[in-house]
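Notes follow once the structure below has been shown.
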Amino acid sequence: MNDTGPYNPSLIHDFALWIDSHAWSTALHESLWVYPLVESTHVLTLMLFVGMLAMVDLRMLGLAFRHTPVSEMTSRILPWSVAGFVIMVLTGVLLFYAIPVRTAHSIWFRVKVILLIVAAINAWWFHRRVSRDRERWDSQPKPPLNVRLTAAMSLATWSGVIIAGRMIAYNWFDCDRPQSAFVTWAAGCAVELQAEAG
Amino acid sequence: MTAVKRIFGATALGALTLMGVQASAHHAFGAEFDPNRPLLIKGPVVKIEWTNPHAWFHVEHTNEDGSKTVWMMEAGTPNTLLRRGIHRNSVPVGTEVVIDGYQSKDLSNRGNGRNMTFANGQTLFMGSSGTGAPRDGADPTEPSRPAEAKPADEDEEAGD
């Protein structure tokens, strides 16, 4: 299969193989305590991060804490959220580092990465544009539409990230099982199976 | 005093959360394995993957017609197996074992292991608890149920 489409699956595959060749990757994959601790910490800190973020989003949607200024919510809640975010990202990277090849070829992981990019663009857009005139709507019980839209987008994308992330555990769309042409393409299975056969 | 209460509350919440996490560290049995396709795999261990989140035992089973098939049997986490008394060098390649379990839904040569029995008669529960696997008595932490219990019951257990 020479036509690789809009992305180059063998590049991703080679990167995953390179990580897989690290002794520390194998050690983490086979560890007795560290892997479960990293996995649990990832889940706990994502609850801290998304949980706190959801409160701010619900406030901006005009659904919760309607009489608390948004700036007060963010100044009190966001530091917790940032702490959760940092540990969540670090443990997430470690989880990928432990099982790079299967994860890189997981369609759920790929959906998750796309959603993470959408969430990042949404956050950038919020800080760049939407929050510029915050003084105007800071104390409004129901902020203007563009604020509510970014908040809804944030809730939707992070919910999607969590769901897709959870699904990585399941093997329904793994490359070592017969898959539809779409999954074979989207997960880059051809490259993985080719490499295994060769 | 409120600080003490708050800390206590946070600890209790944390403990509850950890219990939830522990349950969700295993995927649900019903998503990948078929409780109506029991397996009995006998033969030498040819390979062990001592990996998270599940270890895999590859066992070469001799079929009725004399041909050989290597089955991949899923076990618990390396940590779970350690706590039950085996580590990565406990079952060397070539060890004769009998593993009972359930075949995967895609009918590949893969299954969810329940009990692993050694030549000396010792039995090890190799699976995971709280995944919704049939209550066949293999899991010592789970009360077993009479065989006539309706199979539909198994789905409600999905531990995550």
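This one's a predicted model, so the numbers in the text were calculated from it and none came from an experiment. Just so it is clear: chains get the letters A, B, ... in the order the sequence lines come, proteins before strands, and each one is counted from 1.
For chain B, the nearby part of A/I99 is the side chain; its heavy atoms alone come within less than 4.5 Å. With a threshold of 4.5 angstrom between heavy atoms, A/S31 approaches chain B through its backbone and through its side chain.
Here A/W33 contributes atom CH2 and B/N52 contributes atom CG; the two are 11.5 Å apart, rounded to the nearest 0.5 Å. The CD1 atom of B/I48 sits 11.0 Å away from atom CD of A/E30, with the distance rounded to the nearest 0.5 Å. To the nearest 0.5 Å, atoms OH (A/Y35) and OG1 (B/T51) are separated by 9.0 Å. Distance check: B/M72 CE to A/D176 CG gives 7.0 Å after rounding to the nearest 0.5 Å. Here OG of B/S108 is found 8.0 Å from CG of A/N171. Values are rounded to the nearest 0.5 Å.
Counting heavy-atom neighbours within 6.0 Å of B/K105 NZ, excluding the residue itself, gives a total above 12. The environment of B/W56 atom CH2 is dense: over 12 non-hydrogen atoms of other residues, nucleotides or ligands sit within 6.0 angstrom. B/R84 CZ: more than 12 foreign heavy atoms inside a 6.0 Å radius.
In terms of hydrophobic clustering, with Ile, Leu, Val, Met, Phe, Trp and Tyr side chains grouped at heavy-atom distances under 4.5 Å, B/W71 and B/V98 are assigned to different clusters. Placement of B/F118 and B/V59 within a single hydrophobic cluster is found when ILVMFWY residues are connected by side-chain heavy-atom separations under 4.5 Å, directly or transitively. In the hydrophobic clustering of ILVMFWY residues, with side-chain heavy atoms under 4.5 Å counting as a link, A/L48 and A/L155 come out together. With hydrophobic clusters built from ILVMFWY side chains whose heavy atoms lie under 4.5 angstrom apart, B/V97 shares a cluster with B/I86.
Considering only heavy atoms from C-beta on, A/L32 comes within 4.5 Å of B/W50 through its side chain.
Side-chain atoms of A/W172 come within 3.5 Å of backbone N or O of B/A31 as a donor-acceptor pair.
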